[in-house]
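Remember, it's a predicted structure, so these values are computed and weren't measured experimentally. Indexing begins at 1, ligand by ligand and atom by atom, following the structure's order.
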Amino acid sequence: MQDKLEKIKKEALDKLADIKKLNLLEALEKEYLGRKGQLTAILRNLSSMSDEDKKKIGKLSNEIKVELSEKFKEAKDIIIGSARGGNYVDVSIPGQKIKQGHIHPITQVMGDLEKLFSSMGFMVLDGPELESDHYNFTALNIPADHPARDMQDTFYIDTKNKNNEHDMVMRTHTSPVQVRAMQKYGAPIKCVVPGRVFRNEATDATHDTTFYQIEGLMVGEGISLANLKAVLQDVLNGIFQEEVGMRIRPGYFPFVEPGLEIDIACTICKGAKCPACKHTGWLEMLGSGMIHPEVLKYGGVDPEKYSGFAFGIGVTRLAMMKYKIDDIRLFNSGDLRFMEQF
Ligand code: PHE
């Protein structure tokens, strides 16, 4: 009898393993556990058995009944669950599209610039946004109390040094990294420094408190303005994907001598004069010049042996020109209706 019970159990479990449909499962359950089922028949017969068998067989058949009931229930849950989409994947249902973001227009232009400069052998460096007064001004030949400090409206940080001076600023330009780079790598050196800069300004369509620049630096023996012009012309052509007209004017920055302002022919009217270029045909694009001997000295570079040029491109302005954006504040607005156009 015991063997017979074990056989019934094994048979039921074997059959169960192959069943994937609810009606077949229910039929199987009936066949074993139903009123006329095999196991029920044995339990019914218990009364005709000896006391000892009653105990043994009764216990065993009950155990098997409980076990089989559980297995049937599990199998049923799986089948029902599948039918309701539980573990079941309907590969024919069209997928849900995942919404993908994209790179911010300034980051795109910055990436293009880095690629262009890298292809010319320039290193790409970083510098701190929270900068010391020393690197932001003094080492750039702008001593304390020099009127040139007022050229850039500065966010000073509230902390003071041991001489009771405010000596930390949010950097007003990427130029401090000129000196940091020369100190770290010496000469000759070719590098660019993309980064965010800060000015304590009233904002309007062309001014924001936070914008992007890329600083460039090339120091070596016999470097001249001719090298500067050639490098910049190549980069501007690369960014705009066409020959860009370039105009060089004298300009004043304490850390270069001579200092230059470089304009590009208006990309909107191509020099024909329009509102975007304030009817001049030209757009101010960057400051540059030959690095001042004092700045080379702060960088630990011998001005008798080496010379070099530096420039600072307004990347935010470049992005405005490239994508014809008329309000600088849109870049930091986080407005998706604006962002999604790029
Ligand atoms: N740092 C200057 C600015 O922010 C730009 C500049 C860089 C000028 C390098 C000359 C040389 O306006």
Side-chain angles (χ1 to χ4, degrees), residues 106 110 113 117 122 124-129 131-143 146-155 169-182 189-201 206-219 223-229 231-232 235-236 246-264 283-299 301 303 306-320 328:
I106 290 187
M110 200 61 108
L113 284 163
F117 281 112
F122 283 72
V124 180
L125 303 181
D126 254 339
E129 292 178 346
E131 185 56 282
S132 66
D133 184 283
H134 174 80
Y135 281 109
N136 197 79
F137 293 120
T138 313
L140 290 171
N141 200 29
I142 316 174
H146 192 283
R149 288 210 174 195
D150 298 337
M151 286 169 71
Q152 299 172 347
D153 301 297
T154 309
F155 285 118
V169 302
M170 295 308 290
R171 66 174 176 194
T172 54
H173 48 182
T174 41
S175 301
V177 194
Q178 287 184 25
V179 176
R180 288 182 177 276
M182 287 190 281
I189 181 174
K190 279 201 290 188
C191 66
V192 287
V193 187
R196 202 156 57 139
V197 302
F198 309 87
R199 302 269 173 102
N200 187 3
E201 307 207 67
T206 53
H207 296 87
D208 205 346
T209 55
T210 304
F211 54 98
Y212 288 80
Q213 293 188 331
I214 188 166
E215 193 80 9
L217 190 67
M218 181 169 178
V219 180
I223 298 294
S224 74
L225 285 179
N227 301 109
L228 169 70
K229 181 168 183 283
V231 167
L232 288 178
V235 168
L236 289 172
M246 210 165 108
R247 179 171 78 166
I248 301 180
R249 298 179 282 127
Y252 173 66
F253 302 96
F255 33 97
V256 282
E257 181 58 38
L260 313 172
E261 297 263 10
I262 298 187
D263 306 331
I264 61 167
L283 296 162
E284 258 180 56
M285 194 52 73
L286 58 116
S288 63
M290 297 304 291
I291 301 173
H292 196 288
E294 282 305 312
V295 176
L296 289 174
K297 277 193 231 163
Y298 272 113
V301 170
Y306 294 105
S307 59
F309 64 75
F311 57 83
I313 304 178
V315 177
T316 303
R317 175 163 297 175
L318 198 61
M320 287 174 80
I328 191 173

Quick one: side chain to side chain contact (heavy atoms under 4.5 Å, CB included) partners of [X], sequence neighbours excluded?
| X | result |
| --- | --- |
| Pro293 | Pro303 |
| Ser132 | His134, Tyr135, Met168 |
| His146 | Ile142, Pro143, Ala148, Tyr252 |

May I have every N or O pair linking ligand 1 to the protein at under 3.5 Å, one per line with atom names and distance?
unit_1	atom_1	unit_2	atom_2	d
ligand 1	1 (N)	His173	ND1	2.9
ligand 1	1 (N)	Ser175	OG	2.8
ligand 1	4 (O)	Arg199	NH2	3.1
ligand 1	4 (O)	Gln213	NE2	3.0

Report task. Would you check if Val197 and Phe211 make a side-chain contact, meaning some heavy-atom pair closer than 4.5 Å? Result -> yes

Requested in this report: Taking Arg199 for its side chain and Thr172 for its backbone only, find out whether a donor-acceptor pair lies under 3.5 Å.
Outcome: yes

Query raised in the report: Rounded to the nearest 0.5 Å, how far apart are CG of Leu286 and CG of Leu318?
Result: 9.0 Å

